[in-house]
Amino acid sequence: MMNYLWGFMIILGIVYAAITGTLPEVTQAAIESSKEAVTLCITMIGVMSLWMGLMRIAEKGGIIRSAVKCLKPFLRFLFPGIPKNHLANQYIAENFIANVFGLGWAATPAGL
C-alpha cells in the first residue's frame with residue numbers, strides 16, 4: 001500500500017512540476033539527492049561495520065551472554081511470549097546494550 005502512495009506522490013510531483021515549468025529544478029534536486037544518498041550509504045557502511053564488529057567481539061568474549069543473564073528478568077517482563085533460551089533474547093539484549101552505549105546505527109541490525 002505504501003508503494004502505491006509513494007508512487008502516486010512522486011508522479012503527482014512530476015506532473016505538477018511539468019505543468020508549472022519547474023521540471024529542470026526537480027531533475028536537478030533528484031540528482032543531488034541521489035548523490036547525498038550514496039554518500040550517506042558509504043558512511044553508514046563504515047560506521048555500522050565498525051560497531052557490528054565490536055559487538056561480535058563482545059559476543060565471542062562472553063560479554064553479551066553475561067548481559068543477557070543480567071537483562072533476563074527485564075526481557076521476560078517485556079516479552080513474555082519469547083521462550084527462555086530463544087536466540088531472540090540475545091538480539092534484543094544486544095539492541096538494548098547498543099542503545100545504552102549510544103551506538104545508534106549499530107543498534108539497528110540487532111533490533112531487526
Between the side chain of R76 and the main-chain N/O of G81, is any donor-acceptor distance below 3.5 Å? no
Under 3.5 Å: donor-acceptor pair, side chain of N95, backbone of Y91: no
Any side-chain heavy-atom pair of I82 and I92 under 4.5 Å = yes
Do M2 and M9 share a hydrophobic cluster (ILVMFWY, side-chain heavy atoms under 4.5 Å, transitive)? yes
| Linked, directly or transitively: F77 and L71 (ILVMFWY side chains, under 4.5 Å) | yes
For the [atom1] atom of [X] and the [atom2] atom of [Y], what is their distance to the nearest 0.5 Å?
| X | Y | atom1 | atom2 | result |
| --- | --- | --- | --- | --- |
| E25 | L23 | CD | CG | 8.5 Å |
| T22 | Y16 | OG1 | OH | 7.5 Å |
| I45 | L40 | CD1 | CG | 10.0 Å |
| Q28 | S33 | CD | OG | 10.0 Å |
| E36 | C41 | CD | SG | 12.0 Å |
| E59 | R56 | CD | CZ | 4.5 Å |

Practice prompt. Let me see the working for Q90 and L87 under side chain to side chain contact (heavy atoms under 4.5 Å, CB included), right down to the final yes or no.
Written response: CA-CA 5 Å; Q90 177 181 337; L87 191 59; 3.4 Å; yes
Quiz item: Are more than 12 heavy atoms from other residues, nucleotides or ligands located less than 6.0 Å from atom CZ of F79?
Solution: yes
Result for side-chain contact (heavy atoms from CB on, under 4.5 Å) between E94 and one of N99, V68, I64, N89 points to I64
